[in-house]
Amino acid sequence: MDNYHRRRSYSDAEESDVSGSESSSSQSKIMNTRVRMYTMLTVGTILCYMYYGYQSSGFRGYQYEIFGTVGTPNAVPAPHTTVVEVDVTKTLSTVFEAAPTSTPGKTDFWLANVEHRGLAPYHADKKYQVFRNVFDFGAKGDGVTDDTAAINAAIRAGERCGEGCDSSTISPALVFFPPGRYLVSAPIVALYYTQLVGDPLDLPVLLASKDFGGWAVVDTDPYDPPGRNWYINQNNFFRAIRNFVIDLTLMDPSSGVGIHHQVAQATSIYNVIFKMHDGENTKQRGIFMDNGSGGFLSSLKFYGGDCGAFFGNQQFTTLNLEFYNCKTAIYMNWDWVWLLKSIKIHDCGIGIDISNGGPDDIHTGSVLLLDSYIENTDIAIKTFRTKDSKPPAAGTLVIQNLKISGVKTTVSGWNEEEIFGGNERGRNTTIPFWGHGKGYSDHIPQGGDINVVADETVDAIPAAMKDAAGKILERPRPLYRHIVPDRFVSVRAAGAVGDGVADDTAAIQEIISANGNTPAGQKKKIIFFDYGVYRVTQTIYVPPNTYIVGEMWSVIMSSGSFFNDAKNPKPLFLVGKSGEEGIVEISDMLFQTQGPAAGAILMEWNIRSPQGQNVSGMWDVHFRVGGSEGTNLQSPKCIKKPDDQVDPKIDDDCVSAFMLLHIGKTASLMMENMWIWTSDHDLDAPKHEQITIYTGRGLLCEAELGPVWMYGHAVEHNVLYNYQLANAKNIFMGVIQTETPYYQSNPRAIQPFAPVAEYFDPDFEAACGGADAPKEKLSMCQKSWGLRILNSTDVFAFGAGLYSFFENYKTDCIAKRECQETMVTIDRDRKSDVVSSRSNIWLMGLVTIGTQNMASWVKDSEENEQVVVNVAALDGNGAGFTDNVGLILL
Ligand SMILES: *[C@@H]1O[C@H](CO)[C@@H](O)[C@H](O)[C@H]1NC(C)=O
Ligand SMILES: *[C@@H]1O[C@H](CO)[C@@H](O)[C@H](O)[C@H]1NC(C)=O
Ligand SMILES: *[C@@H]1O[C@H](CO)[C@@H](O)[C@H](O)[C@H]1NC(C)=O
Ligand SMILES: *[C@@H]1O[C@H](CO)[C@@H](O)[C@H](O)[C@H]1NC(C)=O
């Protein structure tokens with residue numbers, strides 16, 4: 001089990017959470033042989049019989065490398081930066097030893113050792129405590145005392161959002177667990193707007209007692225006795241769980257769940273180890289996720305269990321999950337679209353099971369498996385998709401860069417048919433690309449087998465987007481584990497107020513200017529935003545080499561007339577000026593506007609990370625416009641008015657922003673778990689009414705060189721578009737998610753923002769045929785683009801769930817796919833440097849709802865004719881409630 005002991009070194013332990021680069025692994029060379037997939041599909045079974053036959057007679061000559069399309073054998077990617085992995089090895093002694101190595105309650109982690117000045121300005125209790133240490137509530141962490149009541153008391157203290165509340169942003173709680181073994185006999189109930197955070201230097205263990213009563217050790221959405229959830233699962237936002245071991249091994253193997261995780265956007269589980277019984281009789285599960293709308297999981301390890309992770313959700317992003325000795329590592333109960341990246345599965349029965357529902361009612365929409373490794377496992381992927389299975393597009397599967405070793409069957413089908421063979425133990429085989437589903441391209445505009453569409457010999461992903469091992473780069477969130485408390489600068493101690501009323505512009509700018517822009521060779525300061533709502537009336541400039549971390553999600557709120565001129569838009573946070581280089585890290589922060597704010601751009605990001613350095617980024621940073629206390633963009637003022645003809649009587653006071661995130665020409669940027677949301681309903685008003693507010697644009701990315709990575713990303717409810725790439729290059733998206741504003745087409749997307757050429761705004765008047773076009777046509781056509789790609793190259797979407805649920809707040813349009821005409825549009829003026837014949841745009845796992853055409857583009861042809869290709873949702877792409885396409889390759 002050498003994998004347990006991954007080499008770690010902290011050469012710069014004080015400074016950084018990162019170290020070591022995973023050296024290029026010694027995988028066997030891929031033969032430059034091409035075998036078309038349809039050939040493989042028909043002969044696969046026979047070849048495998050041959051293989052096993054030959055193997056028993058001692059023959060070793062068979063080359064599995066012929067499977068899949070093939071990468072360039074000797075392409076060693078030039079590293080843009082180092083791969084960074086979370087440090088879980090440090091904690092493994094905690095997992096496998098009976099007693100903790102350190103004194104319970106004693107912690108060296110900065111978060112526990114800085115003074116806590118957080119302030120929840122909208123809470124009625126002026127003494128409301130944001131930060132709580134479970135030891136202050138009586139927890140002992142000695143592995144003997146039952147700590148359940150103390151932990152739940154720490155979570156519940158103060159008036160909080162529990163059963164019957166559904167949502168509230170006014171009562172945040174950051175609950176800290178110092179090292180220790182916490183014996184629990186009943187669920188720890190994670191209330192809405194709670195972060196449960198353990199000491200990452202010595203992971204606290206949540207130890208379920210032998211007689212544990214209840215379902216899950218941590219429950220994010222309990223069921224009441226009649227079986228109703230406390231929180232509506234699709235609205236169960238704003239939660240984090242990180243740095244724990246959850247141990248179920250004292251319990252009987254017949255029951256036990258680590259985390260019941262039934263959540264939506266702006267949620268994460270990070271750096272958690274699940275320890276379960278293994279063997280035939282185990283019924284334990286690390287994560288049980290019944291349903292929800294999005295979220296992000298990363299850096300988790302699962303030992304044992306009936307299944308490590310039981311998953312069900314609309315769209316989800318999972319990185320760096322590692323499984324050992326599970327009967328099934330991942331069981332996909334249902335999904336619309338799911339990214340599994342950097343998954344490692346060792347010694348399991350089944351790796352990933354997407355067969356639920358059987359061939360006549362497949363419950364999995366699509367799964368993208370990227371940069372993963374499966375070893376000593378009987379079946380890597382189990383599917384019941386066949387050429388006749390139903391719904392036709394369900395069970396879509398895309399595999400990119402999967403390494404197998406000792407896998408008996410890579411893809412196993414209905415009736416145990418071997419769709420894709422395996423290999424022998426002790427030997428690595430890489431599958432560069434393989435899919436189950438439909439693809440479209442200029443050459444196959446009518447759609448065809450995904451493997452045929454993707455069949456090419458070059459490795460299409462630019463080196464700039466990858467790490468040294470050839471995987472698409474990830475950089476997990478910094479925890480500043482080894483940085484001493486003295487180097488954290490509290491903004492409240494330094495003069496900012498954070499009460500949602502005081503003007504904090506000058507104080508914040510001064511703190512950032514004084515403590516950011518770390519000179520070369522000096523130790524960095526970390527700017528710590530104690531929880532609060534910081535009202536800002538002018539642009540804040542963030543220079544290169546600045547490090548910012550919030551407490552829970554500390555709020556920066558734009559306010560005033562400076563941000564209310566649509567003709568003269570202004571950024572709230574300006575992260576670097578165009579052309580500036582350096583590192584900026586922002587985590588656990590939240591940005592919003594106080595309305596009206598017709599000229600607010602919540603963030604403009606220009607910083608570029610120097611080559612060979614750790615990339616700049618944002619982790620668990622969310623934008624939430626309107627719908628919460630303090631924003632003035634709430635009900636009743638901005639309550640929905642579906643029965644009034646709004647256009648042209650737009651309420652200027654409900655104009656909420658000009659643009660949310662503008663990624664500039666010179667930028668490069670890593671983003672992980674970001675929810676960029678113009679709200680559709682009120683989170684704080686007791687009835688949580690739907691509201692109509694207007695944000696012009698979602699995310700505009702103009703990064704000319706990139707790279708820009710978006711992991712676990714969503715942009716919702718913006719007037720002109722949610723995502724727009726203009727002249728951009730080297731873009732990774734997985735999974736991204738959008739929703740068209742619920743009020744459109746009342747008013748249509750032409751209101752209330754006039755198109756601005758400088759920002760490449762879509763001109764819906766021109767595109768949809770002008771005022772004399774039929775009204776129904778305009779209503780469907782003049783709707784916010786989910787994704788608009790202009791003159792961009794080297795774009796890789798591994799999962800895009802782009803939804804249009806409404807026509808003026810009514811959902812009748814969904815079934816007929818008549819809420820919107822087209823969701824994705826691609827204009828190409830440029831070819832890629834990597835593949836000179838194309839723009840190198842790969843949209844994989846495109847999943848839409850309510851739109852007639854999933855995507856549309858003009859065919860590239862030599863005859864200069866304008867042939868428009870529309871991928872129609874109802875052209876055999878149905879996957880139940882959603883429509884799915886495996887690949888659009890342009
Ligand atoms: C969520 O999942 C549970 C368990 O599978 C199911 O009972 C419930 O109906 C689901 N809720 C929704 C809204 O889909
Ligand atoms: C196969 O790949 C794994 C994971 O990268 C690595 O640990 C192992 O050493 C490799 N084995 C061989 C025989 O190359
Ligand atoms: C990443 O940053 C750390 C800490 O600043 C540094 O030690 C390391 O060398 C950097 N890595 C690269 C590849 O620049
Ligand atoms: C497309 O992008 C290239 C490179 O950024 C630029 O030179 C060119 O002007 C762009 N073309 C259009 C039509 O915008």
Check the surroundings of atom CD in E865: do more than 12 heavy atoms from other residues, nucleotides or ligands lie under 6.0 Å from it?
yes
Quick one: does NZ or CZ of R697 land under 6.0 Å from the six-membered ring centre of F658, within 45 degrees of the ring axis?
yes
Under the side chain to side chain contact (heavy atoms under 4.5 Å, CB included) criterion, do K577 and Y541 qualify, and how do the steps go?
CA-CA 8 Å; K577 294 175 186 146; Y541 166 63; 3.7 Å; yes
Quick one: do L890 and D442 satisfy side chain to side chain contact (heavy atoms under 4.5 Å, CB included)? Show the steps, please.
CA-CA 7 Å; L890 298 176; D442 279 341; 3.8 Å; yes
Please check if any side-chain donor atom of N840 sits under 3.5 Å from a side-chain acceptor atom of D794, or the reverse.
yes
Verify ring pair (Phe, Tyr, Trp, His ring centres under 6.0 Å) between F805 and Y742, making sure each step is shown before the conclusion.
CA-CA 7 Å; F805 289 113; Y742 298 175; 7.0 Å; no
Which heavy atom in A597 sits nearest to a heavy atom in N564, and how many Å separate them?
N-OD1, 3.4 Å
Between R828 (side chain) and V858 (backbone), is there a donor-acceptor pair under 3.5 Å?
yes
Ignoring hydrogens and angles, tell me if any N or O in the side chain of W605 forms a donor-acceptor pair with the backbone of I607 under 3.5 Å.
yes
Could you check whether any side-chain N or O of T317 sits under 3.5 Å from a backbone N or O of V735, counting only pairs where one atom can act as donor and the other as acceptor?
yes
Working to the nearest 0.5 Å, report the span between CG of L572 and CD of Q592.
10.0 Å
Can you establish whether the number of heavy atoms outside K637 located under 6.0 Å from its atom NZ is more than 12?
yes
Separation of I826 CD1 from I888 CD1 (nearest 0.5 Å):
6.0 Å
Mind listing the closest non-hydrogen atom pair of Y803 and M823 along with its distance?
C-CE, 3.7 Å
Is it true that a side-chain atom of D620 and a backbone atom of D588 form a donor plus acceptor pair closer than 3.5 Å?
no
When you measure from the side chain of D166 to the backbone N and O of I232, does any donor-acceptor pair fall under 3.5 Å?
yes
Counting C-beta onward and ignoring hydrogens, is there a side-chain heavy-atom pair between D829 and N727 closer than 4.5 Å?
no
Strictly distance-based, threshold 3.5 Å: is any side-chain N or O of T539 a donor or acceptor partner for the main-chain N or O of P571?
yes
With distance as the sole criterion, is a donor-acceptor pair present between the side chains of D684 and S628 under 3.5 Å?
no
Say whether, by atom type as modelled, one donor and one acceptor occur between the side chain of T666 and the main chain of G579 under 3.5 angstrom.
yes
State, to 0.1 Å, how close D653 and L633 come at their nearest heavy-atom pair, and which atoms those are.
O-CD2, 3.5 Å
Within 45° cone and under 6.0 Å: R788 NZ/CZ vs F760 ring
no
Testing the basics here: between C638 and N632, what is the closest heavy-atom pair and its distance to 0.1 Å?
SG-O, 4.5 Å
If you round to the nearest 0.5 Å, how far is OG1 of T882 from CG of L802?
11.5 Å
Going by salt bridge (charged side-chain N to carboxylate O under 4.0 Å, His left out), K783 matches just one of E807, E821, E739. Which one?
E807
Salt bridge (charged side-chain N to carboxylate O under 4.0 Å, His left out) between D651 and K641, worked out
CA-CA 11 Å; D651 184 345; K641 296 196 174 100; 5.2 Å; no
Would the W338 and F316 ring centres measure less than 6.0 Å apart?
yes
Test item: side-chain donor near acceptor, S559 and R535, under 3.5 Å
yes
I need the single residue from H622, Q737, E716 that forms a side chain to side chain donor-acceptor pair (under 3.5 Å) with W675. Which is it?
E716
Let me know which of K831, R838, R830 forms a salt bridge (charged side-chain N to carboxylate O under 4.0 Å, His left out) with D860.
K831
Are the side chains of Y534 and I540 in touch, meaning some heavy atoms are under 4.5 Å apart?
no
Any I691 side-chain heavy atom under 4.5 Å of S635 side chain:
yes
Rounded distance (nearest 0.5 Å) linking atom CD of Q751 with atom OH of Y694:
8.5 Å
Find out whether L778 and S745 are in side-chain contact, i.e. whether some heavy atom of one side chain is under 4.5 Å from a heavy atom of the other.
no
Among L725, L700, V708, exactly one meets side chain to side chain contact (heavy atoms under 4.5 Å, CB included) together with I663. Which residue is that?
V708
If we ignore hydrogens and angles and just use 3.5 Å, is the side chain of S293 paired with the main-chain N or O of Q314 as donor and acceptor?
no
Ignoring hydrogens and geometry, is there a side-chain-to-backbone donor-acceptor pair from S616 to V584 under 3.5 Å?
yes
For P445 and Y440 the tightest heavy-atom approach is O-CD2, 3.3 Å
For residues Q820 and T740, is any side-chain donor paired with an opposing acceptor at under 3.5 Å?
yes
Would you say Y759 and Q724 make side-chain contact, with heavy atoms under 4.5 Å?
no
Can you tell me if K570 has over 12 outside heavy atoms packed within less than 6.0 Å of its NZ?
yes
With a 3.5 Å cut-off and no angle check, do the side chains of T695 and S656 form a donor-acceptor pair?
yes
Please lay out, stage by stage, how S792 and I731 fare under the test side chain to side chain contact (heavy atoms under 4.5 Å, CB included).
CA-CA 9 Å; S792 297; I731 310 296; over 6 Å; no
Residue pair D644, K649: steps toward the salt bridge (charged side-chain N to carboxylate O under 4.0 Å, His left out) verdict
CA-CA 9 Å; D644 292 6; K649 292 175 302 207; 5.9 Å; no
Could you go step by step and tell me if V655 and F753 meet the side chain to side chain contact (heavy atoms under 4.5 Å, CB included) rule?
CA-CA 10 Å; V655 177; F753 292 91; 3.6 Å; yes
Please give me the minimum heavy-atom distance between A657 and L602, naming the atom from each residue.
CB-CD1, 4.0 Å
Please confirm whether the backbone N or O of G845 pairs with a side-chain atom of S366, one donor and one acceptor, at under 3.5 Å?
no
Is the closest side-chain heavy-atom distance between W619 and Y711 below 4.5 Å?
no
Under 4.5 Å between any side-chain heavy atoms of V847 and Q315, yes or no?
no
Distance-only side-chain donor-acceptor flag, T505 / T537, under 3.5 Å:
yes
So H713 and L699, do their side chains get closer than 4.5 Å, heavy atoms only?
yes
For the atom pair CZ (F591) and CZ (F573), what is the distance rounded to the nearest 0.5 Å?
4.5 Å
Interatomic spacing from CG in L339 to CD1 in I736 - rounded to 0.5 Å:
12.0 Å
